[in-house]
Structure formats: C-alpha cells, structure tokens
2 protein chains.
Amino acid sequence: MQASRRATIIDVAREAGVSIKTVSRVFNDAPNVSAKMRQRVQEAANSLHYHPNIVAQGLVGRRSYLLGLFYENPSPNYVVELQRGAVERLQGERYRLIVLPVEKASAIADNILAYVRSAALDGIVLTPPASDNPVILERLSEAGFPFVRVAPTTAPDAGPRHVTDDAAAAREMTEYLIALGHRRIAVIKGDPSHPSTEARMRGFREAMAARDIEVAEALVEQGMFQFDSGQRAAQRLLERPDRPTAIFAQNDDMAAGAIMAAHDLGLKVSEDISVAGFDDSAIARMVWPRITTIHQPVFDMARAATDTLVAMLEDAPHEDAVEHPFSLVTRQSTGPVPGTS
Amino acid sequence: MQASRRATIIDVAREAGVSIKTVSRVFNDAPNVSAKMRQRVQEAANSLHYHPNIVAQGLVGRRSYLLGLFYENPSPNYVVELQRGAVERLQGERYRLIVLPVEKASAIADNILAYVRSAALDGIVLTPPASDNPVILERLSEAGFPFVRVAPTTAPDAGPRHVTDDAAAAREMTEYLIALGHRRIAVIKGDPSHPSTEARMRGFREAMAARDIEVAEALVEQGMFQFDSGQRAAQRLLERPDRPTAIFAQNDDMAAGAIMAAHDLGLKVSEDISVAGFDDSAIARMVWPRITTIHQPVFDMARAATDTLVAMLEDAPHEDAVEHPFSLVTRQSTGPVPGTS
DNA sequence: CAGATATTGTCTTGCGCAGGACAATTTACA
DNA sequence: TGTAAATTGTCCTGCGCAAGACAATATCTG
C-alpha cells in the first residue's frame, strides 16, 4: 500500500516559478534570500503541502534525525516521564524520537552498535541502568557514537550526564526518618544491576552512621524496583518478630508494594509502620496513604539530556555534567515511631 | 559531532571479493544466489559490521520504515502497554517505532497529514480518542495514508480496527454489581471526547434497564480518565446524603482516585462502598483494596494492530476488523451491598 | 561434450535533496 | 549613470542503495 505521491522540491519550484536552488535556499535558511522570494516559495510550498523529504535530507547529510531513547523496563511512570521530557524537547525540531525498550540492557550491551546502526540513529539517550553499563559506554565511546547519560552514578567521565545526587537524597530521607524517632529502619533495595541502588544505600548508611545508629543487616532486603518485589520484601520484613518501625524503599513502586503488604497484614501504615519511597512518580499520590518520597526531576533530566544530545549533534556548546536538584516530599505514609506520642 | 564512517555496500563487496550486485542480492533475498556466495558476503558484512543504510533504502523504496504510535496522554499504564505491544511486534523487523504523544488529538486533526509527512512516517497506529476522530480519519483516508485504529467505537468502516466490545464489558460489570445487591450505582464517566465513554455508559444503562433498575442521573459524574478527576468525582458522590453503594468508574485510574476519596473520607472500600474500574491496568493491582475491573487486552490489541499495519504496508493480506475478548476480573474493591450479610 | 540452466558480473538510472562553482540578473548606493 | 553588492539562476556531483537489462561465466543434464 502506498500513500499518494508527495510533492517534491521540483514541484514547489515549478509552482512558485523559481529555481530549485532558490527553494532549497529558502528551506535551508541560506543568507541572501529576499523576503519576497521567501514568501513566494512558502506559499507555493503550502499550497502543495510540501515538506522536505527528511529521508533524502538524511542521505545527503549522513544523518537520520532520529534519536533513540533506550530503557530497560523500569516502572511505567518513570518511562512515561522520560519520554515526555524527551519529546517535549524535540517539539518543533526535525529530530524524532524512537523508543528502544529492552528486556535487559546488559544482554545487548555487546551489540549496542549494531543496535543503533541498524536503526540508523544519530544519537541515543541512555537511562539507568544502561547509563552505567561499562560495555555500552565503551562501545559507544570508541565508535564516537553520540550519547547522553541520564542519572548515572558511576564513571563520571564516561560521557555527558544529567544526574541527581542519589546518595544525598537517600541521606536526607534517612535523616527525616531518624528525626521521626525511627531506629529500626529497613531498606528495600532496588535492582542490583542499577548502580543507583548502591548509591542510595550508601546515603542511607552514612546518615545512620552519622547518628551512631547501627544498621540491622537482616532488615536490608533485595528488591527489583518493581511493585511485586517490594510487596514480597515488605511481607518478609513485616512478618519478622523484630519488625522494623520504618521501611525505606528505594523507589515508589516498591514502596507501594510495601504499603500493599502492610494492608494485607492488617497493619496501619504510618501508625504501625512508616514507609518511604523514592522518585516521586505518579504512583506516590495514587495509593493510600500517599507516599513520602524524594522528588526526582525525571522529566527535567530527560528534557535536558535530550537538549544536550541535540547540541552535540549540532556541534553546539553544551554542558558535560549537570546536576539536577531533588527534594524531600513528605506525605502521609510516614509518621512518628509507634509507642511515642 | 560525527560518528565514525559506516561501512557501505561497496566496502562489503570489496572485502568479499564479489560484485556490489551480488551483495545487494544477498541482502535482499534475491533468488538464484548460491549458498557459498551468501556465506561469503555474510562473513564480509559481519567483519565490517555492515548494516544496510536504512535511510538510503528508504530513499530508493520511497518509504522510511518508520511507524508512528499516536496517543493523547491517557494513563501511563495504558501508554506503556500500547508501546510494549507495538514494539514487540516490530522485533526483528526493519520498522521502527516513533512515539507521537499529543496534548489534544483534536487540536492537530486538521494538520495530521503535515504531522505524519514531516516525520516521514510510513504508517500510523491511532489510539483513542484519535482512532475515533472523524477529521483525522477523513484526512488520512483521502490521502491514502496507511493507518490502523485501536479500540475505536464509532465509524466501523473508517479503517482497519482492533476493538473490544466496550458496551458488552460495561454490561457485564454492571450485572456483576447488581448481582451483589447494588441498586444505587454511580458512574464516573471518562473523557467525553472518547467515544468509548459513551459505549461504556450505554452498556451500563442496558444492564440496568434489563433489571428494571432506574439510573439515578444525579449519580452520573463526569471524569476525564485521570486519577484526579476520579477522586474529585467520587468525593462529590460520597458526600451526598443519598450516597451510592457502588461506584463504577470507567477506567482504573479514576477507580483508584475514587478509592483514594473513600479513604480520605474514612469509608471502607468494599464494605461501605464498592468501587469498580475498567482496563485492568497495572494500577488496579497496586492500590488497596485491589480493583475489580474489566481486563482489556491493550497489549494484544497494540501488537495485533501493528501487525495489521505492517501487513498493509507490505501488501500482505490482513483482517479488516478484529475483536479482542475482554474479561471480568473480580478483586477486593467490590462487595455485597452494605446492610446485607 | 553440447546445450540448457543457474549464477555472477557490468552498466546504468534514479530516489530527493544539498551545496559548490560560477554566470546572469537585479538592486542599491554614490 | 556607473559600479559594487546582493540576489537568483544554471550546472553538476554525490549521498547509499535497488533494480532492470543484459553479458559473461559456471554448473548441470543427458
């Protein structure tokens, strides 16, 4: 099935009664084009519904104007924010966004170049955990393939990056929980292949150490950043005889899972058990009680990262590292430690 | 910034010591190519990391191998399912998926052709409410631009479509609520610009009429398919003196909002008030109590719709209309009417 | 081994556009 | 009005690949 024939630059030239070269000059913002001519060409183009064939432009310019957004299925909310940010930046640009969801980033790390080349991408936005994958970074770097990293936590010099300070954020959340009187604080860690998992853990330990509170290693559970994993981990924690008074989940999906586990066990969240999350994704305001969390500017990071990538492709100046601010958002899932008033 | 030069078909021909034509024949599965030759070319291509330049192929074939997924910001869960389905179908294909989120589909309906042409798309998957937008359908049809419709509820002959029977599903849910003893059933409608909103409403009314139960129009609230709108609508409903005993929200996000409203008012969901949703999106299992809902095969529809689109583009046979089954999923957000045992 | 068939090669064109080199024409300015 | 500067036009090449026409070999069959 074929769409009807598109107008070409030749048609526009004929319609406007000017040379092809002139049409080309108008569409490429060449200098020394009179306003009159510009208008005439524009009108002819409009009447023919002409748009430059971006494929042909790509062939000439050895570029496709296609950017890839590479991600491994984390929570839907995170993905949607990433996409919103990237797409917003590309509004009105020639660049278009291709989505590249993968099951496991590490599984295709070796073939990352084949992956981006066969899709004819100009550049790629890497999100966690791909943004920390040494093989991916190495392959792309040595091939000189343009990329930007969103929220990496390791290898600071491996490429332009947009980050938040995961450790500091986790520290702040932990301090908040401590201030509420909590001492037996459990942690549900995220996917171990995401280095941010370790960064958040580090922040937690630092805050605990600063107050001379011992971390009960038995209360550190492994999760996978997904709802179910958080629910299961919380269930194990809450069934312990020495139940923690607070659970710090490393993202909101797992925190929501923890809240679900508490409900299922008949525990009152906030009164019997405090639950904190991380990310401030949409789910944090959709469960009851609403989740105390760290607001991460995922949208902003994605938009800024895309901006950096475009700048790189256009040989424009760009920042090499941008740190985006986080903030603690207190809601109703956390409260003072039980037994106090 | 430029990536390092890619190998071309010429390089492969030289490396393999064969003609360019032969390389071309191998990569395009031409007949009459010996296995020996095929292998020699493959090896040369591998050693050079050669991939056919899809942009050049596109120029020759007057196609871009780019498909668009067009959607208006409904719930993140719905979007993610759509994308998963579409991407899954394109695994291993030359086609790539471009995401086209828009604020309001109706706002760009007039320019839909400019939209798809400037992005050089080969075809487009329309999702609600765009899949029902008469202007969009008209423009695309008269231009002969390939598209598929996901879950439209109107204009059955306006193009290939993958649907579920919204009315029947709503009927089944309503019957279920009636069977639980509910009579005062409120409805939170979805975005009025989505025709599925009316289809679901129709199913509701039919089920009520079949049991001779009068629909209390005061209990029909307008929502927008989003969490907040559901929460606000439910708040209004629950503060009425003649509170309904059940709320049927037309999607899960709004149902989750309704549950939130109930929590905030200190009402026990299922015991004091039943809440039903629609879609069976991820959120339905993430709030407490878990939401009784209609399972819609969004993933399957998106995958099948993409399959149809590809078939259209390849001039292969394809179905013109496929109906995908729904199913009632009972969870804990619904229960017998209060006051009974 | 001759003729038929299968395979590989040569040559050419064109997809739609960008942009260099330079000539022709128009416009601006003194 | 004359000359310089600005604008528009002509001509041409090439981006990487597909595919048609057809010639040159290679392989198979009886």
Side-chain angles (χ1 to χ4, degrees), chain A residues 2-42 44-45 48-66 94 117-122 314, chain B residues 2-42 44-45 48-66 94 117-122 314:
Chain A
Q2 286 296 325
S4 63
R5 202 182 77 88
R6 295 176 51 162
T8 71
I9 196 170
I10 302 176
D11 302 320
V12 177
R14 187 174 307 136
E15 173 82 10
V18 301
S19 71
I20 293 175
K21 182 79 186 185
T22 299
V23 178
S24 172
R25 283 188 176 116
V26 168
F27 274 94
N28 292 286
D29 295 317
N32 301 334
V33 183
S34 69
K36 183 184 7 165
M37 196 56 77
R38 202 173 286 279
Q39 190 188 342
R40 232 165 88 193
V41 171
Q42 286 292 2
L48 294 175
H49 303 297
Y50 170 77
H51 295 273
N53 184 326
I54 201 169
V55 176
Q57 288 182 323
L59 188 59
V60 172
R62 284 177 212 71
R63 36 173 45 194
S64 62
Y65 297 102
L66 291 173
R94 263 189 298 199
R117 292 242 166 101
S118 60
L121 304 179
D122 283 350
E314 316 254 296
Chain B
Q2 286 295 328
S4 63
R5 201 181 79 86
R6 295 175 51 162
T8 71
I9 195 171
I10 302 176
D11 301 321
V12 177
R14 187 173 307 134
E15 173 81 11
V18 301
S19 71
I20 293 175
K21 181 79 185 186
T22 299
V23 178
S24 172
R25 284 189 175 113
V26 168
F27 275 94
N28 292 285
D29 295 316
N32 301 333
V33 182
S34 69
K36 182 188 0 166
M37 198 55 78
R38 203 173 287 279
Q39 190 188 343
R40 230 164 90 193
V41 170
Q42 287 291 4
L48 294 175
H49 302 295
Y50 170 77
H51 295 274
N53 184 327
I54 200 169
V55 176
Q57 288 183 321
L59 189 59
V60 172
R62 281 178 213 72
R63 37 175 42 196
S64 62
Y65 297 103
L66 291 173
R94 263 191 298 198
R117 291 246 165 96
S118 60
L121 304 179
D122 282 351
E314 317 252 296

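Throughout, protein chains are lettered first and strands after them, A, B, ... in sequence-line order, and every chain is numbered starting at 1. As the structure is a prediction and not an experimental result, all values here were calculated from the model.
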Side chain of [X] - closest among [options]:
X	options	value
B:Lys36	D:dT27, D:dG9, C:dT8	D:dT27
A:Ser19	D:dC17, D:dT10, C:dG9	D:dT10
A:Ser34	D:dT8, C:dT8, C:dC17	D:dT8

First of B:Met37 and B:Ala56 reached from the 5' end of DNA chain C, by closest nucleotide
B:Met37
Spacing of [X] atom [atom1] relative to [N] atom [atom2], expressed in whole Å:
X	N	atom1	atom2	answer
B:Asp11	D:dC17	CG	C1'	13 Å
A:Arg25	D:dG9	CZ	C1'	7 Å
B:Ile54	D:dA18	CD1	P	11 Å
B:Arg6	D:dC17	CZ	P	8 Å
A:Ile20	C:dA18	CD1	P	11 Å
B:Leu48	D:dG16	CG	P	14 Å
B:Ile10	D:dA18	CD1	P	12 Å
B:Arg40	D:dA26	CZ	P	12 Å

Between [X] and [N], is there a side-chain N or O to OP1/OP2 distance below 4.0 Å?
X	N	value
A:Asn53	C:dG16	no
A:Tyr50	C:dC17	yes
A:Gln57	C:dA18	yes
A:Asn32	D:dA6	no

Between the base of C:dG16 and the side chain of B:Arg62, is there a donor and acceptor pair under 3.5 angstrom?
no
Taking atom types as they are modelled, is there a donor-acceptor pair under 3.5 Å from the base of D:dA19 to the side chain of B:Lys21?
yes
Using every non-hydrogen atom in the two residues, find where B:Ser64 and B:Asp122 come nearest and quote the distance to one decimal.
N-OD1, 2.8 Å
Checking B:Ile20 against B:Val23 for the side chain to side chain contact (heavy atoms under 4.5 Å, CB included) test, could you report, in this order, the C-alpha distance in whole Å, the side-chain angles of both residues, the deciding distance, and whether it holds?
CA-CA 5 Å; B:Ile20 293 175; B:Val23 178; 5.6 Å; no
Does B:Arg6 reach the main-chain N or O of B:His51 with its side chain, forming a donor-acceptor pair under 3.5 Å?
yes
Enter the distance from B:Gln57:CD to A:Leu59:CG here, rounded to the nearest 0.5 Å.
11.5 Å
When rounded to the nearest 0.5 angstrom, what distance separates CZ in A:Phe27 from CZ in A:Arg38?
10.5 Å
Touch class at under 4.0 angstrom, heavy-atom based, for B:Val55 against every strand present:
nothing
